[in-house]
Amino acid sequence: MTDFSHCPDPFQYHRRPTREVRVGNLGIGGTNPIRVQSMTTTDTLDVDATVAQSIRMIDVGCELVRITAPSKREAERLKDIAAALRDKGYDTPLVADIHFTPNAAEVAADYVEKVRVNPGNYADKKRFENLEYTDETYAAELARIREKFTPLVRKCKLLGRAMRIGTNHGSLSDRIMSRYGDTALGMVESALEFLRICVAEDYHDVVVSMKSSNALVMVHAYRLLVARMNEEGMHFPLHLGVTEAGDGEDGRIKSALGIGTLLEDGLGDTVRVSLTEDPEAEMPVGRMLVERVESRAGHAPIEPVNTAWNPFELRRREAHPVLNVGGKNVPVVVHTMRDGALEPSSLFGAGYRYSVPLDKWNLDDDACDWVYVGDRVLNFDIPGTLHVLVDAHAWRAFDAPPERHHPLWHVSDWLANAPAPAEGCVHWVRVRRADIGEALRAHAANRRDVVWVVETENAHAMVDLRTAVLALDAHGLQGPAILRRTWTDLDEERLTLHAATDLGGPFLDGLGDGLWVDAPSHPLKKRNALAFGILQATRTRISKTEYISCPSCGRTLFDLQETTAKIRAVTHHLKGVKIGIMGCIVNGPGEMADADYGYVGTGPGKITLYKEKEVVQRNVPEDDAVDALIDLIKSHGDWVDAPVRDGF
Ligand code: SF4
């Protein structure tokens, strides 16, 4: 039986009950709306620039402004920043962001409404040592942490300040890494050690976060945190964020996948979207994610399913293969080609290019696998890797399908409507949660020629799709599952966020063998990029280079946006290579564990390069660092020249 302690209700939307934390004039948790916040990227010592940027953020909906305080000097400037904002009529609460420096935290608590501490580095220095602990020596370490952390807790309690215990996957302490490894459990324990100190001091104005650049790790860590807090009677609100999500569409996909998925399960009381863009750009994205669940209560009910799903671990559902779908195949991408003429150029947006002189198709890494053409016929030679899906009634009408189209596969609303099985023919059958029960089991259990196209119109879409796939399993229907949703009225940004949450979320639980983003008003190129982007972010199908770039903050030692663009321009074709680009060493070295190569600011104009988490070149002048990164990639055999594009 599944352990559902990770969320209030895994089938119907309920927001997790939490205690209210007051941050100045703002409430987080309890019955308050889910808050949207962000962080400045200016130098904190530059009071005017920080005030001006804070105002720009507040004006577009930022409800809490976080500002880095790397040392006591910056912490002292928070006084001037707060005063300037109040003078200009802005009473938005401020948060000091602290790493490594308890003394700066204690100063900041005098001036701002909330202090964020990172349990990975508040009382520990990172040396990447694997330490051996007995229970006694570990307890002695906890006593040392208590001694360092308690003064801040007492000060915040006395002054009525709030706190965030903000764990980052990339900056776990050596102590936690040695005992729990680089795991979601380690992240949770890291926070719990600090939370227990707060509780012992009878201080409860605490918000908790579990951030990672990997949405899978992040989602599992938050779920585990909730389960463990429930066990210990803790009801602290959650701050959600995917850290180092990157920029553009990929940054939005990763954010929706992590933040959106948790919001759907009723978790989260404040969100911060971390994009490698100006902080003002983060607010609309955060707001769009939050607004999706604000009116979710009262959605059409979802019939629960009794199954052995483990929400704390990734285990891919075992679906038998049907052609190239399911089994050990990577998830497939399916597109609808509903309108317009069907000709070779119709495929150009889906990763296929046609070379006229060579009379051959060329495939990009994001070439889709299936196209659905309704009741029409393709009258040209299609690429050999592409499969065509037609409606069942049209399939029946083709008494002698043209050679080049044989076999055609068909899709039908219900298995009973499907034509009699023919050799080499497979059935794609559309199902919703309500269709999946004993009748379907009697009809289709043990069939090995069926692909389930799992659809939903329920507003609680991600959960409905997840439940439907679990229900297939529970009824012994082991055919592969394609997740499909149709959107007719979303703008491009909302489509990205909704599709990443609704269709991507189940992939974080290993549920899904393919994606079908059906959005007729958006071009095929957009839908294709989105589908492959979602699969890349869930790490189930890699089709391009991955960038793990931080959003930058006042600690940043180079222009993150410009540098990320420069690195992307020369490495975008390195499929499967993960490149970390970090403004400073706070999260840099830890995040490198998840990257193949790292580019980390270590001093003004100085970059340190990493191969995974090993430093390979220190203090490279910034002007030479991109070339040095390329040389490093070449020296490890991961470089290929960018392909020369031929064809349309
Ligand atoms: S890694 Fe980036 S966002 Fe994080 S503290 Fe360093 S510069 Fe700031």
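Note that ligands are numbered from 1 as they come in the structure, with each ligand's atoms numbered from 1 the same way. The structure displayed is predicted, hence computed values, not measured ones.
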Subject >> N, O or S of C584 under 2.8 Å from atom 6 (Fe) of ligand 1 >> reply: yes

Original post:
Within a reach of under 6.0 Å around CD of E294, are more than 12 heavy atoms found that belong to other residues, nucleotides or ligands?
Top reply: yes

Subject >> Numbered atoms of ligand 1 (with element) below 4.0 Å of T556, judged on heavy atoms >> reply: 7 (S)

Subject >> Under 4.0 Å to a heavy atom of G583 - the qualifying atoms of ligand 1, by number >> reply: 2 (Fe), 7 (S)

Original post:
Near R555, which atoms of ligand 1 are under 4.0 Å from a heavy atom of that residue?
Top reply: 5 (S)

Original post:
Are F149 and F194 an aromatic pair by the rule of ring centers under 6.0 Å?
Top reply: yes

**OP:** Please determine which of R175, R179, R228 meets the salt bridge (Lys or Arg N to Asp or Glu O under 4.0 Å) test together with E193.
**Re:** R175

**OP:** Under the ring pair (Phe, Tyr, Trp, His ring centres under 6.0 Å) rule, collect the residues that match up with F558, sequence neighbours excluded.
**Re:** Y599

